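Each chain gets a letter, A, B and so on, in the order its sequence line appears, and its residues count up from 1. As the structure is a prediction and not an experimental result, all values here were calculated from the model.
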2 protein chains.
Amino acid sequence: MAGRSKRRDLAAMLAPLVRDTIAAERPVLEAHGLSMWGYSVLVALDESPIRTQAALAEAIGADKTRIIATLDELQAQGYIERHPDPADRRARLLAITGPGRAVKDAAQQEIQQGEERLLGELTDTDRRVFLRVLDRLSRRP
Amino acid sequence: MAGRSKRRDLAAMLAPLVRDTIAAERPVLEAHGLSMWGYSVLVALDESPIRTQAALAEAIGADKTRIIATLDELQAQGYIERHPDPADRRARLLAITGPGRAVKDAAQQEIQQGEERLLGELTDTDRRVFLRVLDRLSRRP
DNA sequence: TATTGTTATACTCTATAACTATA
DNA sequence: TATAGTTATAGAGTATAACAATA
């Protein structure tokens, strides 16, 4: 059986799109006083608390060393809580706070509203399929 | 009318996917002696020659200053030709060579074959819709 | 000894600005 | 003077390795 029809590489199509969406997020996050990594952390902790910083870093695709400054800042802003685990004082129990959830929800609403500029061009079917496939592919191990 | 159903941000889904696809490309390109930007340049020039380096840089989403070393290397490898435009000797006419097209085709085939690991999980309909939408969104101005 | 978090260092990548050569 | 290309410098972001605290 022969190959499939000619197409561009996935990375070549994904790269400019991710660049645009991140560029669109930047001013929104800045207006809410959040960094890109800070927002990532809030989104992750909004789903559920996490028991170690290393696990959080892995969950958001970051290095454990480079989220520390982010966590310091989020804690100073009162958006997360960071307590030593009584059962193992090496680990830090991480959780989002009420104000943290509020600022994350506000920023996220604005971000997704902006993304309608893109998604709004699609038919309902295309939109639904695209988001479903994208969600699935992005969750691969 | 109320909002749409809850979803993740586009950037949050796109980012890990683009990271994985680029990570998958890296060893393939290295085996063919190409850098990421070098491969981008060959793909762009394969479509059509370009009259200035600035235009090429913009076409691949790069800065004009940071593709110069790449062009030097591609030229030394014999994969591109770079001639001063006789009509305006400030500009450089850029074109891919036969060997350039050959190495680009070989690398691209291997890359897209690897991407089947992802796309092969999808139904024919999902695959077709996803690629069509992705292609469209990635070409937006 | 192994693991969690932290800090320090080095390295890569990118952006900015200055320089040349043509026009 | 304006533009295309080039080079040099500085800055941001990232990765690596060493360190301190706890197990």
Side-chain angles (χ1 to χ4, degrees), chain A residues 11-12 14-16 18-23 25-27 29-30 34-41 44-45 49-76 80-95, chain B residues 11-12 14-16 18-23 25-27 29-30 34-41 44-45 49-76 80-95:
Chain A
L14 290 167
V18 75
R19 204 179 47 213
D20 287 356
T21 54
I22 287 178
E25 282 193 11
R26 204 173 294 278
L29 294 178
E30 193 167 356
L34 292 173
S35 68
M36 199 73 63
W37 287 115
Y39 178 65
S40 264
V41 166
L45 291 181
I50 300 186
R51 210 188 67 83
T52 72
Q53 295 182 184
L56 170 62
E58 209 215 322
I60 65 177
D63 192 285
K64 67 169 181 171
T65 65
R66 80 185 180 214
I67 65 169
I68 293 179
T70 302
L71 296 179
D72 290 345
E73 190 181 14
L74 288 173
Q75 190 173 17
I80 65 168
E81 285 179 347
R82 185 157 54 152
H83 299 294
D85 182 349
D88 180 348
R89 306 229 319 273
R90 291 175 303 181
R92 304 271 180 278
L93 302 175
L94 301 167
Chain B
L14 290 168
V18 75
R19 204 178 48 212
D20 287 356
T21 54
I22 286 179
E25 282 193 8
R26 204 175 295 278
L29 294 178
E30 192 167 357
L34 292 173
S35 69
M36 199 74 62
W37 286 115
Y39 178 64
S40 266
V41 167
L45 291 182
I50 300 186
R51 211 188 67 84
T52 72
Q53 296 182 184
L56 169 61
E58 209 216 321
I60 64 177
D63 192 284
K64 66 169 182 172
T65 66
R66 82 183 179 215
I67 63 168
I68 292 179
T70 302
L71 296 179
D72 290 345
E73 191 182 12
L74 288 173
Q75 191 173 17
I80 65 168
E81 285 179 348
R82 186 158 51 153
H83 299 293
D85 183 349
D88 181 347
R89 305 232 317 274
R90 292 174 302 182
R92 303 271 180 279
L93 303 175
L94 302 167

Visitor: For Pro86(B) and Leu93(B), which heavy atoms make the closest approach, and how far apart are they?
Guide: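 So the minimum-distance heavy-atom pair works out to CD-CD1, 4.1 Å.
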Visitor: To the nearest 0.5 angstrom, please state how far the CZ atom of Arg26(B) sits from the OG1 atom of Thr21(B).
Guide: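 Interatomic distance, Arg26(B) CZ to Thr21(B) OG1, rounded to 0.5 Å: 10.5 Å.
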Visitor: Filter on salt bridge (charged side-chain N to carboxylate O under 4.0 Å, His left out), then keep only pairs touching residues 50-69 of chain B, sequence neighbours left out; what's left?
Guide: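 Checked against salt bridge (charged side-chain N to carboxylate O under 4.0 Å, His left out) - neighbours excluded - the pairs reaching residues 50-69 of chain B are Arg51(B)-Asp85(B).
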Visitor: Between protein and nucleotides 9-14 of chain C, map the contacts as a letter string: B base, S sugar-phosphate only, - none, heavy atoms under 4.0 Å, written 5' to 3'.
Guide: -----S
Visitor: dT4(C) P sits how many Å from Leu56(A) CG, rounded?
Guide: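 To the nearest whole Å, that distance equals 14 Å.
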Visitor: For DNA chain D, whose closest nucleotide is more 5', that of Pro86(A) or that of Ala62(A)?
Guide: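 Going by which nucleotide is closer to the 5' end, it is Ala62(A).
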Visitor: Between Trp37(B) and Ala62(B), which heavy-atom pair has the shortest distance, and what is it?
Guide: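 Between these two residues, the closest heavy atoms are CZ3-CB, 3.5 Å.
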Visitor: For Arg82(A), which residues count as a salt bridge (charged side-chain N to carboxylate O under 4.0 Å, His left out) partner, sequence neighbours excluded?
Guide: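 Checked Arg82(A) against salt bridge (charged side-chain N to carboxylate O under 4.0 Å, His left out); matches are Asp72(A).
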Visitor: Measure from CD1 on Ile80(A) to P on dG5(C) and round the result to the nearest Å.
Guide: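 One finds 12 Å between P of dG5(C) and CD1 of Ile80(A), rounded.
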Visitor: With rounding to the nearest 0.5 Å, note down the distance linking CG in Leu71(B) to CD in Gln75(B).
Guide: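 Between Leu71(B) CG and Gln75(B) CD, I get 8.0 Å after rounding to 0.5 Å.
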Visitor: Which residue is it: Ile67(B), Thr70(B), Ile60(B)? I am looking for the one with a side chain to side chain contact (heavy atoms under 4.5 Å, CB included) to Ser40(B).
Guide: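 Among Ile67(B), Thr70(B), Ile60(B), the one that satisfies the side chain to side chain contact (heavy atoms under 4.5 Å, CB included) with Ser40(B) is Ile60(B).
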Visitor: Could you give the CG-to-P distance, from Asp63(A) to dA17(D), as a whole number of Å?
Guide: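 Rounded to the whole Å, the gap is 12 Å.
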Visitor: Have a look at the helix from dT1(C)-dA23(D) to dA23(C)-dT1(D) and give the angle its two end axes make, five pairs each, rounded to 10 degrees.
Guide: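 Its terminal axes enclose an angle near 10°.
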Visitor: Can you give one letter per nucleotide of nucleotides 1-10 of chain D, 5' to 3': B if a protein heavy atom sits under 4.0 Å from the base, S if only from the sugar-phosphate, - if neither?
Guide: -BBSBBB---
Visitor: When rounded to the nearest 0.5 angstrom, what is the spacing between CZ in Arg19(B) and CG in Leu14(A)?
Guide: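 Result: 12.5 Å between the selected atoms.
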Visitor: Applying side-chain contact (heavy atoms from CB on, under 4.5 Å), name anything that partners Ile50(B), two or more places apart in sequence or on another chain.
Guide: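 Residues passing side-chain contact (heavy atoms from CB on, under 4.5 Å) with Ile50(B): Leu45(B), Ala55(B), Leu56(B).
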